[in-house]
K.L.:
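Below is a structure I'd like to ask you about.
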Amino acid sequence: MAIFDKFMKGLSKTRDFITNQITRVAAEFGSYDEDMLDELEMTLVAADCGLPAATEAIDSIREHIRLTGDASHKSVINVLREKLLSMLDDKQLTLASGELNIFLMVGVNGTGKTTTAAKLAHRYKNDGHRVMMAAADTFRAAAIDQLKEWGDRTETPVISHETGSDPAAVVFDAIQSAKARKTELLIVDTAGRLHTKKNLMDELAKIKRVIKREAPDAKVETLLVLDATNGQNAIIQARSFNEAIEVSGLVISKLDGNAKGGVAVAVANETGLPLVLAGLGEQVDDLQDFDKNLFVDALLPSE
Ligand SMILES: Nc1nc2c(ncn2[C@@H]2O[C@H](COP(=O)(O)OP(=O)(O)OP(=O)(O)O)[C@@H](O)[C@H]2O)c(=O)[nH]1
Ligand SMILES: [Mg+2]
């Protein structure tokens, strides 16, 4: 399936919601007036784009109408598209060749860290890279087993210790092992943790210190996995994780889950962090690079 079709399919619930609302308003009244702009603003808020983004977008549309006199459906959607694009920052994950690359997966409970780690292992293995995973979620035995199972399914070696052991020690071992095996990509799965619990955030900081000490030349990506169905709470999570451990990219998972995919706009707009990956389903190949153009095209009516 082409990448755009995957976005369209994955985002179909949010797209259907937004386009149905917009088309209904447009069909009913023709060119846009104040009431219709209010409705459009509420539609964006309901799709979880966040009030600041929705207000800013509608203000730009209003200003554009004032300057050009063009309140047509086509023009309104075009201004909206441009405005949403300006709020989004995307970044493509790349591997530094000939060096160790480390992806550290972090986030609150159940957002999709382990699944995304497996999807990434699958992707980079298929691209011919040497990949390894580290089970630094030592909190529950089931978490270690889950990662090992993904390791079997994706034919990726998994470094693990016993339940309850120090996650930083797992990472230490994994780095030594990765160096010995000339691994190109080490993906570190961590336990879900509440961003409000300082001791849990300190544990992540310790993992990062171990990475810095043991693999100072490695290219490290700290990927915060946010569940699109968690709503506006994702913004607070992003801010807290970024303050504690400096996030380098956002993964928005479960974009297929409901009609609230606009949360990607809210988080990007309110944190300035780049979007790197979109989780569009539970299967191992339901992961796409976050392409903001495709994302916005998949959200809005075609014309
Ligand atoms: N629909 C959908 N489901 C997803 C996606 N990503 C993950 N899931 C599901 O979300 C659930 C939790 O995923 P995990 O990967 O275990 O989440 P986690 O962040 O590792 O969870 P903890 O380790 O418990 O914090 C699983 O049932 C996954 O199949 C996605 O992009 N779309
Ligand atoms: Mg997990």
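Whatever order the structure lists them in is the order used to number ligands and atoms, beginning at 1. Counting begins at 1 with the first residue of the sequence.
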K.L.:
So which protein heavy atom does atom 8 (N) of ligand 1 come closest to, and at what separation?
P.N.:
K254 CE, 3.8 Å
K.L.:
Closer than 4.0 angstrom: is that true for some heavy atom of Q283 and an atom of ligand 1?
P.N.:
no
K.L.:
Is there a heavy atom in T111 that sits closer than 4.0 Å to ligand 1?
P.N.:
yes
K.L.:
Mark yes or no for whether N258, through its side chain, and D256, through its backbone, hold a donor-acceptor pair below 3.5 Å.
P.N.:
no
K.L.:
Counting no waters, how many protein N/O/S atoms sit under 2.8 Å from the Mg ion (ligand 2)?
P.N.:
1
K.L.:
Could you tell me whether R193 approaches ligand 1 through its side chain, its backbone, both or neither, with non-hydrogen atoms closer than 4.0 Å?
P.N.:
neither
K.L.:
Using 30° and 60° as the class limits, which term best fits the ring planes of F290 and F7: parallel, tilted or perpendicular?
P.N.:
perpendicular
K.L.:
Can you find a non-hydrogen atom of G107 under 4.0 Å from ligand 1?
P.N.:
no
K.L.:
Just by distance, do the side chain of T271 and the backbone of V267 share a donor-acceptor pair under 3.5 Å?
P.N.:
yes
K.L.:
For the pair K206 and E203, find out whether any cationic side-chain nitrogen is under 4.0 Å from an anionic carboxylate oxygen.
P.N.:
no
K.L.:
Heavy-atom distances under 4.0 Å decide this one: backbone, side chain, both or neither, for D256 against ligand 1?
P.N.:
side chain
K.L.:
Treating S177 as the side-chain partner and D173 as the backbone partner, does any N or O pair qualify as donor plus acceptor under 3.5 Å?
P.N.:
no
K.L.:
Considering only protein heavy atoms, which is closest to atom 30 (C) of ligand 1, and at what distance to one decimal place?
P.N.:
G281 O, 3.1 Å
K.L.:
Which protein non-hydrogen atom lies closest to atom 13 (O) of ligand 1, naming both residue and atom, and how far is it?
P.N.:
T115 OG1, 3.4 Å
K.L.:
After noting the C-alpha distance and the side-chain angles of L226 and L250, does the key distance pass the side-chain contact (heavy atoms from CB on, under 4.5 Å) rule?
P.N.:
CA-CA 7 Å; L226 298 169; L250 301 174; 4.0 Å; yes
K.L.:
Need the ligand 1 atom indices (1-based, order shown) with element for anything under 4.0 Å from a heavy-atom of D137.
P.N.:
23 (O)
K.L.:
Which residue is it: I207, V188, T111, T222? I am looking for the one with a side-chain contact (heavy atoms from CB on, under 4.5 Å) to V106.
P.N.:
T222
K.L.:
Against heavy atoms of G279, which atoms of ligand 1 measure under 4.0 Å?
P.N.:
31 (O)
K.L.:
If the cut-off is 4.0 Å to any non-hydrogen atom of R140, which atoms of ligand 1 fall inside it?
P.N.:
23 (O), 24 (O)
K.L.:
With a 3.5 Å distance limit and no angle check, can you tell me whether T14 reaches the backbone of G261 through a side-chain donor-acceptor pair?
P.N.:
yes
K.L.:
One thing to verify: whether D289 and K91 come together as a salt bridge, which I'm taking to mean a side-chain N less than 4.0 angstrom from a carboxylate O.
P.N.:
no
K.L.:
Please classify the M105 to ligand 1 contact at 4.0 Å (heavy-atom distances, strictly less than): side chain, backbone, both or neither.
P.N.:
neither
K.L.:
Which residue supplies the protein heavy atom nearest to atom 17 (O) of ligand 1, what is that atom called, and how far is it?
P.N.:
G112 N, 3.0 Å
K.L.:
Among protein heavy atoms, which lies nearest atom 22 (P) of ligand 1, and at what distance?
P.N.:
G110 N, 3.5 Å
K.L.:
For ligand 1, which atoms have a heavy atom of G192 less than 4.0 angstrom away?
P.N.:
25 (O)
K.L.:
Is there a donor-acceptor pair under 3.5 Å between the side chain of S86 and the backbone N or O of K83?
P.N.:
yes
K.L.:
Nearest protein heavy atom to atom 16 (O) of ligand 1, by residue and atom, and its distance?
P.N.:
Q146 NE2, 3.0 Å
K.L.:
Between K292 (side chain only) and L88 (backbone N and O only), is there a donor and an acceptor less than 3.5 Å apart?
P.N.:
yes
K.L.:
Does any N/O atom on K113 come nearer than 3.5 Å to any N/O atom on ligand 1?
P.N.:
yes
K.L.:
Is there a donor-acceptor contact under 3.5 Å from the side chain of R130 to the main chain of K182?
P.N.:
yes
K.L.:
Of all the atoms in ligand 1, which lie at a distance below 4.0 Å from a heavy atom belonging to N109?
P.N.:
25 (O)
K.L.:
Among all the protein's non-hydrogen atoms, which is closest to atom 20 (O) of ligand 1, and how far away is it?
P.N.:
T114 OG1, 2.7 Å
K.L.:
Using 4.0 Å as the upper bound for N to carboxylate O, is an ion pair formed by D5 and K9?
P.N.:
no
K.L.:
Given 3.5 Å as the limit, does a donor-acceptor pair link the side chain of D286 with the main chain of L280, or not?
P.N.:
no
K.L.:
R193 side chain to N109 main-chain N or O, any donor-acceptor pair under 3.5 Å?
P.N.:
no
K.L.:
Among protein heavy atoms, which sits nearest to atom 26 (C) of ligand 1, and what does the distance come to when rounded to 0.1 Å?
P.N.:
E282 OE2, 4.2 Å
K.L.:
Tell me if the NZ atom of K219 is crowded by more than 12 foreign heavy atoms within 6.0 Å.
P.N.:
yes
K.L.:
At a non-hydrogen distance cut-off of under 4.0 Å, which region of L280 contacts ligand 1 (side chain, backbone, both, or neither)?
P.N.:
backbone
